[in-house]
There are 2 protein chains.
Amino acid sequence: MQEIKRRSQKERSDTMRAALVAAGRDLFIRNGFAATGTPDIVAAAGVTRGALYHHFQDKTDLFAAVVEAEAEAIAAEIDASGSIGLTPRETLIQGGEAFLAAMRSPGRARLMLVEAPAVLGVDRLARIDAATGGRTLELALQEVGIEAPGPLAALLSAAYDRAALAIDLGQPPGPWRAALNHLVRGAIR
Amino acid sequence: MQEIKRRSQKERSDTMRAALVAAGRDLFIRNGFAATGTPDIVAAAGVTRGALYHHFQDKTDLFAAVVEAEAEAIAAEIDASGSIGLTPRETLIQGGEAFLAAMRSPGRARLMLVEAPAVLGVDRLARIDAATGGRTLELALQEVGIEAPGPLAALLSAAYDRAALAIDLGQPPGPWRAALNHLVRGAIR
DNA sequence: TTGCATACATACATCCTGTATGTTAATTAC
DNA sequence: GTAATTAACATACAGGATGTATGTATGCAA
């Protein structure tokens, strides 16, 4: 009868881990990493700090899990809006639009583009979104015939990041989209 | 005889403040903001925490002072290398090169481009380097006839930031400079 | 020189982090 | 089916950091 007591270990563990990640995501987005204490997180999840330190090595490790989950969510949203049968340069522009759309989830830009590099380090974060879907831009540039697409992809990605941040901070998206289009079209000639 | 005791209040205060900023800069660059404690800073400066909290409201306030000083130093270096009598687009490229050169001071890129936005917030940091010399890029774009130079300047600035970071992380500068040239020339047609 | 303000040093309270230990429930071994 | 083991947490503890409150000495002004 009591299905609460009948949960398997793995199921219990998975839901708890997910609850901690969800609570952490919420608070990290609202207050940032430094201003969010582990007591706040576990209180929001309705547990104690023992649960947190059982599932994660430390607070940074939980944050990394939040960032990874967020990166996967972003990649999934972008993939979902990926229209097929476009020219390479159309794919480029459309992928950028999809990125901006995915980044309009409130606070997501600050979490992924400001907090994450500072907390996890630039290289570690780069590895995370390389593991999810960060190389699509590079491949698209290669399609349109750029010789060394790596650095240029990183630069354009940085430009998109900056635009997403500005929009997340409340600025109107129109001028940023226009400037991005200008930049991309100039880059692929 | 004892010139130490003969210092005026203002002189004493100024040197102390400068010493704290210098010690803070050194440690923030080496270990980052979060991993640097106020005991470390005052120990490096040879004083106690009382001095720090007399001159600054809190640890973040000291960090802001460090960032401001660094922004001024960067602006001064860029201004010093500013050749006159160039065409607007030459000025654009040359200014970018000067920025990259200024950013090769070890750890400076991470401090200003990763830590500072996270600790101070993007908007506050934007105000700081707008107060120093952050609008030169925007003016240069206006010179070459860009209609709305604001967003485009921000995007190109973000690209330069990304390149500076990559170079600071140890990557060879050549490909990044090439990609930046490609991007800028495409943007100004 | 007397009084006050400035420039620090010292002492203290609070909070947070990470770890060590304890407890309960689920899984495995026999 | 029961004992033993392990996983999943909760509780308790130690260390350190931050910010503030208080104390002290020196410069400065009347």
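Chain identifiers are assigned alphabetically (A, B, ...) following the order of the sequence lines, protein sequences preceding nucleic acid strands; residue numbering begins at 1 within each chain.
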Is there a salt bridge (charged side-chain N to carboxylate O under 4.0 Å, His left out) between B/Arg89 and B/Glu143? Walk through the geometry before answering. CA-CA 8 Å; B/Arg89 54 184 43 174; B/Glu143 287 289 317; over 6 Å; no
Does B/Leu20 form a side-chain contact (heavy atoms from CB on, under 4.5 Å) with B/Val47? I'd like the steps, not just the answer. CA-CA 9 Å; B/Leu20 288 170; B/Val47 290; 4.1 Å; yes
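Of the residues in residues 35-55 of chain B, B/Thr36, B/Gly37, B/Thr38, B/Pro39, B/Arg49, B/Tyr53 come within less than 4.0 Å of DNA chain D through at least one heavy atom, sorted by number.
Note: NZ (A/Lys59) to C1' (C/dC15) measures 12 Å, nearest angstrom. In this structure, CE of B/Met16 is placed 17 Å from P of C/dT6, rounded to the nearest angstrom. Going from atom CG of B/Leu20 over to atom C1' of C/dC8 covers 11 Å, rounded to whole Å. Taking atom NZ on A/Lys10 and atom C1' on C/dA25, their separation rounds to 18 Å, with Å as the unit. Across the protein-nucleic acid pair, B/Phe56 atom CZ and D/dT20 atom C1' stand 18 Å apart, rounded to whole Å. Put simply, CG on A/Leu62 is 14 Å from C1' on C/dG18, counting in whole angstrom units. Residue A/Phe33 contributes atom CZ, which lies 11 Å from atom C1' of C/dT17 at whole-angstrom precision.
If you chain together hydrophobic residues whose side chains sit under 4.5 Å apart, B/Ile128 and A/Leu169 fall into the same group.
The side chain of A/Arg12 lies closest to D/dA8 when the candidates are C/dT27, D/dC28, D/dA8.
A cation-pi arrangement, defined by a distance under 6.0 Å to the six-membered ring centre and an angle within 45 degrees of its axis, is absent between B/Lys59 and B/Tyr53.
Residues meeting the salt bridge (Lys or Arg N to Asp or Glu O under 4.0 Å) test with B/Arg17, sequence neighbours left out: none.
Here B/Leu155 contributes atom CG and B/Leu183 contributes atom CG; the two are 9.0 Å apart, rounded to the nearest 0.5 Å.
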